[in-house]
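In what follows, chains are A, B, ... by sequence order, proteins preceding strands, each numbered from 1. Just so it is clear, the structure is predicted and the values come from calculations on it, not from any experiment.
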Amino acid sequence: MIRKTYINYILLNLIKMLDKNYNAADVEKKWQDYWEKENIYKFDPNSKKKIYSVDVPPPYASAGHLHVGHALHYTQFEIIARYKRMKGFNVYFAPCFDDNGLPTEKYVEEKLGVNKNTVSRSEFRKLCIEANEEVERIYRDKVFKRLGHSYDWNLLYTTIGNEAQKVAQTSFVKLVKQGDCYRAEEPTIWCTYHQTALAQAEVEDLKRKTKLNYIDFDLENGEKINVATTRPEFLAACVGIFVHPDDVRYEDLVGKNAVVPIFNQKVPIMTDEKVDKDFGTGIVMICTFGDNTDIEWWKKHNLPLKIIIDKRGMLNELALEYKGLTLNDAREKIIEKLTKEGKLKNREELEQTVGSCWRCNTPVEYIVTKQWFIKALNYKNELIEQGRKINWYPEFFRVRYEDWTKNLGWDWCISRQRFFGVPIPAWYCNKCDNIVVAKENELPLDPLEIDRGKCTKCKNGELKADEDVFDTWMTSSMTPQITARWLEDPLNYKKKFPSSLRPQAQDIIRTWAFYTILKSYLHFKEIPWRDISLGTFVLDAKGRGMHKSKGNVVWADILLEKYDVDTFRHWVGKAKWGSDIPFKEEELVNGKKFLTKLWNASKFVLMHLENYDYSKPNKIEDIDKYYLLKLNDIIKTATESYETYDTSEANKAIESYFWHDFCDNYLEIVKDRLYNPNVRGGESRKSAQYTLYKILSNLLKLIAPVVPHITEEIYHVDFAKNEENKSIHTAEWPKEEKIDGKLIIEKGDLFVKIVESVRKIKTDNKKSLKDEIVLTLDNKSLDLLKDLIDDLKAVTKAKEIKKGEFNTEF
RNA sequence: GGGCCCAUGAUCUAGUGGCUAUGAUGUCACCCUUACAAGGUGAACGUCCCCGGUUCGAGUCCGGGUGGGCCCACCA
């Protein structure tokens with residue numbers, strides 16, 4: 001044992017070769033540095049190759065942990081970028097960070113102890129940029145570089161950067177000019193905690209328990225009706241009562257007036273089909289505004305407006321004695337009073353789902369304010385049309401996009417009453433209705449820092465700057481334009497737009513995908529990308545979503561302390577795009593085993609290529625041709641699968657061929673020829689060497705996008721210098737090669753079948769596979785395999801092959 | 001309430017109307033085979049969620065259930 005290892009050691013050192021064991025840590029570091037130093041992934045703007053551009057999702061850079069789902073998804077499309085590069089495209093793969101949102105704002109506020117009262121918006125922005133740079137540098141090294149990602153870092157953009165701000169503001173100015181962006185006083189969805197308007201897409205469900213209150217209202221004639229409501233705090237804002245038109249119980253009420261308790265306003269009783277007769281008492285009060293239906297009915301029935309809450313969710317003077325109370329406090333007080341007056345007849349527990357702010361979970365309210373909107377409702381059909389021009393992978397996600405588009409109820413509200421973000425470049429006259437929007441050539445700017453002086457329209461008022469900022473999607477919806485440098489480099493921009501691919505998560509189809517399609521349509525009547533591919537969603541081992549609150553989140557950076565990057569990437573390569581996968585750490589074992597196998601098989605092959613002159617032999621043995629033909633099939637399958645973003649299918653096919661056809665069978669078959677140079681005049685050994693070289697070099701390339709480090713290491717032992725190539729990642733993707741020979745597949749299949757039978761017999765008889773046998777084959781087989789007899793003898797360890805009925809003797 | 005996706009050995013998974021249902025992990029047996037024991041060769045483990053239909057033939061198509069996941073709407 002010791003002796004054998006020692007001899008191996010000597011041999012390995014004599015013939016420049018792969019180390020005995022694969023040392024992942026060293027290899028990974030070595031090549032990551034090399035790629036960076038040699039600019040392997042640099043985008044060449046002057047290249048004549050076709051461009052493949054990726055509209056990368058800008059990640060929030062955070063100093064904290066990296067979610068395994070995130071690492072998976074980013075690696076998933078990184079694999080595609082590598083594939084396309086090898087396929088001959090000039091790949092435009094620009095990294096980016098989203099550092100313009102609330103997380104950055106919070107981080108700076110907490111870390112530096114500043115807030116919007118102590119610094120100006122532009123100072124605050126400067127602080128954010130500084131804080132981000134540090135975090136992003138760490139993120140870049142600890143995450144992207146560590147995962148072996150092949151971005152061209154010269155192309156980096158950040159959503160807080162000038163170009164991104166300019167694009168967002170330019171988009172706004174252009175849309176205002178063309179009439180697709182307007183300012184209006186409308187009921188908007190409102191978060192009382194953040195004191196900002198929200199888009200429909202920012203509202204999430206919140207399940208909670210509440211009380212349904214049955215309250216008596218007096219009629220003018222002295223009769224009483226009973227109304228069920230969960231929001232008695234809105235009594236002051238009550239502007240009407242509804243019953244169902246077919247509800248015989250209440251036929252007589254319609255047209256009469258009711259008197260609202262406590263506040264005593266008279267409100268009309270009307271009918272609407274949408275009333276549910278079976279809910280509560282079947283009598284509904286409508287207030288401005290308790291919920292969505294209130295807004296609908298308010299508009300439909302032309303009811304008056306009574307706003308009783310302010311931006312903080314506090315009641316105002318219209319709420320009389322309840323002024324200054326929060327909605328919750330007012331509810332308690334009002335219930336108290338109603339009880340005292342004997343008007344509260346009953347209270348029931350009720351489970352309800354209310355909309356809430358996606359950031360803070362505060363239930364949303366509806367407030368009438370001046371907001372900017374981008375038209376979407378007008379273009380529903382066009383947007384669905386645009387969606388159909390895009391290739392969706394998997395296809396069924398287009399349905400989700402169409403459903404969302406069809407069911408849109410609001411235009412897109414783009415203004416937010418936040419402090420930090422992209423400023424809205426507009427000014428308003430404080431005397432008349434004049435709105436002044438910045439000119440495109442002034443952008444980017446912060447209107448708060450520019451004095452526009454007197455109103456040009458009424459000559460009387462002053463122009464006051466808009467203090468709001470854009471919804472973050474206002475920037476994100478322009479990522480194809482930002483990444484391709486729409487404004488910075490308009491000439492080259494056209495080569496990169498529409499993007500080839502938008503990789504993204506399925507849960508933001510209604511936001512990111514939708515808004516991006518909308519913007520590209522409004523600005524260019526164009527689709528933003530040719531393909532959209534929805535990544536894999538990682539669940540915990542039991543198939544539940546990973547949430548910090550559940551404590552079941554797996555962090556990729558911790559995983560990478562235990563496993564090699566290529567091991568992790570191997571797992572990524574097998575994940576199916578668009579579907580959910582449960583995360584099981586045991587499954588990483590697979591990747592580890594694969595790397596070891598690849599290393600050892602390569603070591604074996606390279607050892608036997610030591611004195612190979614790389615020329616084509618005069619004659620290629622039939623069994624060699626058989627495995628070359630099978631390689632062709634794999635190249636075809638892998639290529640076709642990659643073209644539809646089915647990395648999982650591609651890699652399964654490649655790996656199965658590598659492991660079972662190549663290692664388990666082919667390597668065993670050729671050992672005899674390799675170890676005995678004089679067998680069959682030496683030419684058969686060369687045939688084996690030629691085949692080994694071909695297969696291994698192609699396999700390495702096929703698997704390189706998934707496991708870039710180990711393949712680069714092996715490639716550089718021999719292949720790189722022959723191909724005069726700096727990196728396997730700039731090598732050409734394998735192509736099928738023409739191979740002639742009659743009946744090769746039939747011969748090979750029979751050959752393998754015989755080998756497998758012999759192995760089974762040996763195992764059944766508890767014999768070692770190297771035990772010698774006497775093999776008997778029928779005439780037909782012998783005839784078909786007449787040129788392969790030597791290989792068959794060698795691999796089955798048959799001393800002799802006889803004619804007769806199939807049999808194996810020891 | 002609506003839409004979409006999913007259900008296959010213990011676990012994860014392939015299967016796009018057609019011979020005996022794929023592969024991996026785990027389990028068991030045997031084999032140290034001049035790359036690899038982190039390996040090799042085999043074996044066991046399946047009512048393909050249930051019911052009905054179409055078909056010569058259904059894991060696959062259709063209808064209806066059941067159970068899970070995601071998205072949306074929502075009762076005032």
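Comparing B/C75, B/G40, B/U25 by their closest approach to the side chain of A/D291 singles out B/C75. For A/D580, counting side-chain heavy atoms from C-beta on, the closest listed nucleotide (B/G69, B/G3, B/A76) is B/G69. Closest to the side chain of A/R400, from the set B/U33, B/G3, B/A14, is B/G3. For A/D507, whose side chain is taken as the heavy atoms from C-beta onward, the closest listed nucleotide among B/C71, B/A24, B/U33 is B/C71. Ranking B/C74, B/A24, B/U33 by closeness to the A/N590 side chain, first place goes to B/A24. Each of B/C36, B/C74, B/C5 was ranked by its minimum atom distance to the side chain of A/F396; first place goes to B/C5. In this structure, of B/A14, B/C4, B/G39, it is B/C4 that holds the atom nearest to the side chain of A/V399. Comparing atom distances between the A/S768 side chain and each of B/U33, B/G40, B/A76 picks out B/U33 as nearest. Listed candidates were B/U41, B/C36, B/C71. Nearest to the side chain of A/T596 is B/C36. Set against B/A76, B/U41, B/C36, the side chain of A/F279 has B/A76 as its closest nucleotide.
Side-chain contact annotation: A/E348 with A/Y214, donor-acceptor N/O pair under 3.5 Å present. Checked by atom type, the side-chain pair A/D564/A/H709 shows no donor-acceptor distance below 3.5 Å. Counting only N and O atoms by type, the side chains of A/N407 and A/D403 include no donor and acceptor under 3.5 Å apart. Counting only N and O atoms by type, the side chains of A/W577 and A/T647 include a donor and acceptor under 3.5 Å apart.
In this structure, A/N292 reaches the sugar-phosphate backbone alone: every heavy-atom distance under 4.0 Å involves primed, P, OP1 or OP2 atoms, never a base. Counting non-hydrogen atoms under 4.0 angstrom, A/L667 reaches a base of the nucleic acid. Nucleic acid contact for A/K766: sugar-phosphate only, since backbone atoms but no base atoms lie under 4.0 Å from a heavy atom of the residue. Note on A/D664: only backbone sugar-phosphate atoms sit closer than 4.0 angstrom, heavy atoms only; bases stay farther off. Using a 4.0 Å heavy-atom criterion, one finds that A/W297 contacts no nucleic acid atom at all. Among the heavy atoms of the strands lying under 4.0 Å from A/E756 are primed sugar atoms or P, OP1, OP2 only; no base atom is included. Residue-level contact check: A/D276 touches the bases, meaning some heavy atom is under 4.0 Å from a base atom. Nucleic acid contact class of A/K671 (heavy atoms, under 4.0 Å, all strands): base. Base contact: A/C663 has a heavy atom under 4.0 Å from a base atom.
Between A/W571 and A/F568, the distance separating the two ring centers is shorter than 6.0 angstrom. You'll find the ring centres of A/F719 and A/Y693 inside the 6.0 Å limit.
If you take OH of A/Y666 and C1' of B/C36, they are 19 Å apart, rounded to a whole angstrom. Distance CG (A/N600) to C1' (B/C36): 4 Å, rounded to an integer number of Å. Going from atom CD1 of A/I654 over to atom P of B/A14 covers 18 Å, rounded to whole Å. A/E349 has its CD atom 18 Å from the P atom of B/C75, to the nearest Å. Atom-to-atom, CD1 of A/I509 to P of B/C5 comes out at 12 Å; the value is rounded to the nearest Å. A straight line from NZ of A/K406 to C1' of B/G3 spans 9 Å, rounded to a whole angstrom. Computed from coordinates, the A/I283 CD1 to B/A76 P distance equals 16 Å when rounded to whole Å. Rounded to whole Å, atom C1' of B/G69 lies 15 Å from atom CG of A/L534.
When the nearest nucleotides of RNA chain B are assigned to A/W404 and A/G578 by heavy-atom distance, the more 5′-ward of the two goes with A/G578. With RNA chain B read from its 5' end, the first of the two nearest nucleotides for A/K760 and A/R510 is the one closest to A/K760.
Phosphate contact (OP1/OP2 of B/A24, side-chain N/O of A/H660, threshold under 4.0 Å): present. Distances shorter than 4.0 Å separate none of the side-chain N or O atoms of A/K593 from OP1 or OP2 on B/A37. A close approach under 4.0 Å does occur between a side-chain nitrogen or oxygen of A/T293 and OP1 or OP2 of B/C75.
Across the C1' atoms, B/C19 and B/A24 are found 25 Å apart, a figure rounded to whole Å. Remark: the separation of the P atoms in B/C49 and B/A29 is 32 Å, to the nearest Å. Nucleotides B/G52 and B/G57 are separated by 16 Å at their P atoms, to the nearest Å. B/G1 sits 28 Å from B/C61 when the C1' atoms are compared, rounded to a whole Å. Taking atom P in both B/A14 and B/U60, the straight-line distance is 16 Å, to the nearest Å. With both ends at atom P, the span from B/C32 to B/U25 equals 22 Å, rounded to whole Å. Only the C1' atoms considered, B/G15 is 25 Å distant from B/G64, to the nearest whole Å. Using P as the reference atom, B/A43 and B/C5 are 38 Å apart when rounded to the nearest Å.
Using a distance-only test at 3.5 Å, with no hydrogens or angles considered, no donor-acceptor pair links the side chain of A/D672 to the main chain of A/A794.
For a distance-only test at 3.5 Å, the side chain of A/K584 fails to qualify as a donor-acceptor partner of the base of B/C12.
For A/K380, the NZ atom sits in a packed shell: over 12 heavy atoms of surrounding residues, nucleotides or ligands are nearer than 6.0 Å. By the 6.0 Å contact criterion, NZ on A/K299 is open, its count of non-hydrogen atoms from other residues, nucleotides or ligands being 12 or less.
Contact detail for A/P394 and A/G578: the closest heavy-atom pair is CD-CA, 3.9 Å.
With a 4.5 Å cut-off on side-chain heavy atoms, A/W392 and A/Y401 count as touching.
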Can you give me the dot-bracket string for RNA chain B, 5' to 3', counting Watson-Crick and G-U wobble pairs with both distances under 3.5 Å, using [ ] for crossing pairs and | for partners on another strand? (((((((..(((.....[....))).(((((.......))))).....(((((..]....))))))))))))....
